[in-house]
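One structure coming up, written as structure tokens, with questions to follow.
In this text, all values refer to a predicted model and were calculated from it rather than measured experimentally. Within every chain, numbering begins at 1; the chains are lettered A, B, ... in the order of the sequence lines, protein sequences first and strands thereafter.
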2 protein chains.
Amino acid sequence: MRKRATMTDVAALAGVSLKTVSRVVNGEPGVSPDLVERVRRAVEQLDYRHNLAASNLRRGVRTQTIGVLLHDLRNEYAAELLRVIDDHARPLGVAVLASSLDDHEDREQVLVHDMVTRRVDGLVLMPASPDQSYLLPEVRAGLPVVAVDRPTAGLAVDTVVVDNRDGAHRATEYLLGRGHVRVACLTDRGRLWTARERLRGYLEAITEAGLPVDERIVVKDLVTADEATAATRALLDLADPPTAVFAGRNDLSVGVVRALRERALERRVAVVGFDDFPLADLMSPAVTVVSQRVTEIGATAAQLLFARMHGEAPTPRTVVVPTRLVERESGLIPVPVTFA
Amino acid sequence: MRKRATMTDVAALAGVSLKTVSRVVNGEPGVSPDLVERVRRAVEQLDYRHNLAASNLRRGVRTQTIGVLLHDLRNEYAAELLRVIDDHARPLGVAVLASSLDDHEDREQVLVHDMVTRRVDGLVLMPASPDQSYLLPEVRAGLPVVAVDRPTAGLAVDTVVVDNRDGAHRATEYLLGRGHVRVACLTDRGRLWTARERLRGYLEAITEAGLPVDERIVVKDLVTADEATAATRALLDLADPPTAVFAGRNDLSVGVVRALRERALERRVAVVGFDDFPLADLMSPAVTVVSQRVTEIGATAAQLLFARMHGEAPTPRTVVVPTRLVERESGLIPVPVTFA
DNA sequence: CCCGGACCAGACAACGTTGTCAGGCGATGG
DNA sequence: CCATCGCCTGACAACGTTGTCTGGTCCGGG
């Protein structure tokens, strides 16, 4: 396990100066063919590999690296975002440092700090904490930042989100339009912007329909699919259970379906979920969802980021990517006729 | 967009020497309290951030970064691996550079080269090309490499795989044991080791059962779920269609189920898939699979890698993580009685 | 009063690379 | 035959940091 050869080693072996090696390695013109050849051979012989860090340091150039900090890389939504961003970065010679925040406030600050320490050229962040003003010095120092999925607070940066309120509104309206009057709502932690917006969309739709809001069928702060399953069981145990459920996140939808299955009610209670998920169309009944165009979100985030990294510095922009209501079977389940 | 402050700037503002700033920043002892305070204030005022690259360069220490190159980060299996590896790396102060190879041979070499250029301290690789001997110089130069999912060829490194042959053998045997005599097999590209091994397991089981191998129901080189769907349609169109299917990868299983659904045969044809997938248990019928313990694979890979990064240099080890046959409904579907 | 030691601060070189500039050499033209 | 030019090549400094080593100050003890 020897140390890696440096340009100095190559120069010594080739019998040329350090600088000549540098020129050959960087493909600069003005080196005579036989010297090029000698250097090439020495490089080969020593297995010399260019050191990007040292090169970037001297050049005063950026690191050709961006950071991508998302909620959970194992989650389908985050994984897709990462993949798309990487696909945009690679052709530009930019590598991606990725990590998961688990919506943990401290982790956000720690990891962002680590990224800054590594002098990433840009950052894609799914904000986990309620305040990003700690980023102000970095942004002022020229760090391009793009927020995805949720906006930042306390600091304006480029942002790519969907209209969560509108999507939830439409989902709820869809169920109400099919005759349901008892529509339950399950959402994520209230400190998350997306959860709050989706809840708002639901409440607006209910209110606009002239229906009362029944707090017993509005369940908040659900983190895992299992919690959604448990919550659904409780809903079904009510004296007047809901006839339809709006699930505010893809794994919550899964949790709901699981609970309905347990009681063989999956064709008796209507479900519309927020976020599509793989195989939603293959379940029986297939699950109706409000779908986010994840690929488009990722591509947009990448474009905004690279534009800024390439020197464009407009005032922060917010892009709202439209959602689509994907009609499948679970949303079509009617209100049971066996009713008082 | 000013340039970031350096230690020199901080030193100037604090009225101390560069080295004193270095000491304070690194928490070294032996600086008088009031100087520490002055430096702290200057750091604050200038938003100074430590430059890890420069620090590492000088220290001759590694970059505190590892590379993770997998097939496709959006794939559930790869995403989970990445997540687990990151969870192991973070507490050690190590960041993860991740990218997708798409099983593209050139991309493997290009991306590995890029990682070397960035002087990663270690590499987790899902080999995409048939020969990794190009890695020899890097390994000799002390780069720890761990192969996951598939072994390397032309170069021995630490490896974490499952017994694909055995898993496929058991899956096939399971179907044969339930009376099926026409069991189809769908597999990935033959140049992939996993695909070859799984095919081998299938063929062995068929042969051991004294059955003939019918090439018409052994379909190879399937890359996408759609291709599996098309292949399944063709199988069903045969004069003597299979009564059971062994699908050699998780999205191929999905493709098979989709085709069966189209013809309302999902409860008439048995299915066992290789690799579990989310919601496999929620489909109807729930899909029986050979499951890999992905978390364990990732954790093992991380452990092997970090052991080597910390100086252990035993001869390359191969860890075979066991698979489990997860019995669900689709594997229990019996041979139709309406039979000649 | 002076010496020794403890303690603290800074000068300098070096990590591996590249930009700048000066110099050597052969060829060309007057 | 010499001045000039162009083409190569290399010496040197610098990127931002840290290890080493030197030197200064202050204190207590002899």
Taking CG from A:Leu18 and C1' from D:dA13, how many angstroms apart are they, rounded to a whole number?
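Interatomic distance, CG of A:Leu18 to C1' of D:dA13: 12 Å.
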
Taking atom types as they are modelled, would you say the side chain of B:Arg58 forms a donor-acceptor pair with the base of D:dT18 within the 3.5 Å cutoff?
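Check passes, donor-acceptor contact within cut-off.
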
A:Lys19 has a side chain; which of D:dA11, C:dT17, D:dG19 sits nearest to it?
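Shortest atom-to-atom distance from the side chain points to D:dA11.
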
Tell me the interatomic distance from A:Met7, atom CE, to D:dA11, atom P, rounded to whole angstroms.
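After rounding, the gap between these two atoms is 16 Å.
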
Close N/O contacts between protein and nucleotides 6-9 of chain D (under 3.5 Å):
from  : atom 1 : to      : atom 2 : distance (Å)
D:dT9 : OP1    : A:Ser32 : OG     : 2.6
D:dT9 : OP2    : A:Ser32 : N      : 2.8

Ignoring hydrogens and angles, tell me if any N or O in the side chain of A:Arg119 forms a donor-acceptor pair with the backbone of A:Val116 under 3.5 Å.
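At least one qualifying donor-acceptor pair exists.
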
Take the protein atom CG of A:Asn51 and the nucleotide atom P of C:dC15, then report the distance between them rounded to whole Å.
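Whole-Å distance recorded here is 13 Å.
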
Under 4.0 Å between a side-chain nitrogen and a carboxylate oxygen: does that hold for A:Arg40 and A:Glu44?
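No, A:Arg40 and A:Glu44 are not salt-bridged.
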
Is the shortest side-chain N to carboxylate O distance from A:Asp103 to A:Arg191 below 4.0 Å?
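Judged by the 4.0 Å cut-off on N to carboxylate O distance, A:Asp103 and A:Arg191 do not form a salt bridge.
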
So, OP1 or OP2 of D:dT18: does either fall under 4.0 Å of a side-chain N or O from B:His50?
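B:His50 to D:dT18 OP1/OP2: side-chain N or O found under 4.0 Å.
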
Are OP1 or OP2 of C:dT17 and a side-chain N or O of A:Asn56 less than 4.0 angstrom apart?
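No, no such contact exists.
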
Rounded off to whole Å, could you give me the CZ-to-C1' distance for the A:Arg119 and D:dC15 pair?
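Distance, rounded to whole Å: 12 Å.
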
Students often get this wrong, so: under 4.0 angstrom with heavy atoms, is A:Ser22 touching a base, only sugar-phosphate, or nothing?
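The answer is base, as A:Ser22 lies within the cut-off (heavy atoms under 4.0 Å) of a base atom.
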
Measuring from the side chain of A:Glu28 (C-beta onward, heavy atoms only), which nucleotide among D:dT18, D:dG16, C:dG19 has the closest atom?
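Nearest nucleotide to the side chain: C:dG19.
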
Using the closest heavy atom to pick a nucleotide of DNA chain C for each, name whichever of B:Gly15 or B:Leu57 lands nearer the 5' end.
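It is B:Gly15, whose closest nucleotide lies nearer the 5' terminus.
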
Rounded distance (Å) that lies between atom C1' of C:dG16 and atom CZ of A:Arg59:
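Result: 13 Å.
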
Can you tell me which residue among A:Thr295, A:Thr300, A:Ile297 is in a side chain to side chain contact (heavy atoms under 4.5 Å, CB included) with A:Val84?
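The option that passes is A:Thr295.
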
Quick one: do B:Asp102 and A:Arg83 make a salt bridge, cutoff under 4.0 Å?
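Salt bridge flag = yes for A:Arg83 with B:Asp102.
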
Are the side chains of B:Glu138 and A:Arg4 in touch, meaning some heavy atoms are under 4.5 Å apart?
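Yes, close enough: below the 4.5 Å cut-off.
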
For B:Tyr77 and B:Asp149, what are the C-alpha separation, side-chain angles and deciding distance, and is it a side-chain hydrogen bond (donor to acceptor under 3.5 Å, both in side chains)?
CA-CA 10 Å; B:Tyr77 177 82; B:Asp149 194 54; 3.0 Å; yes

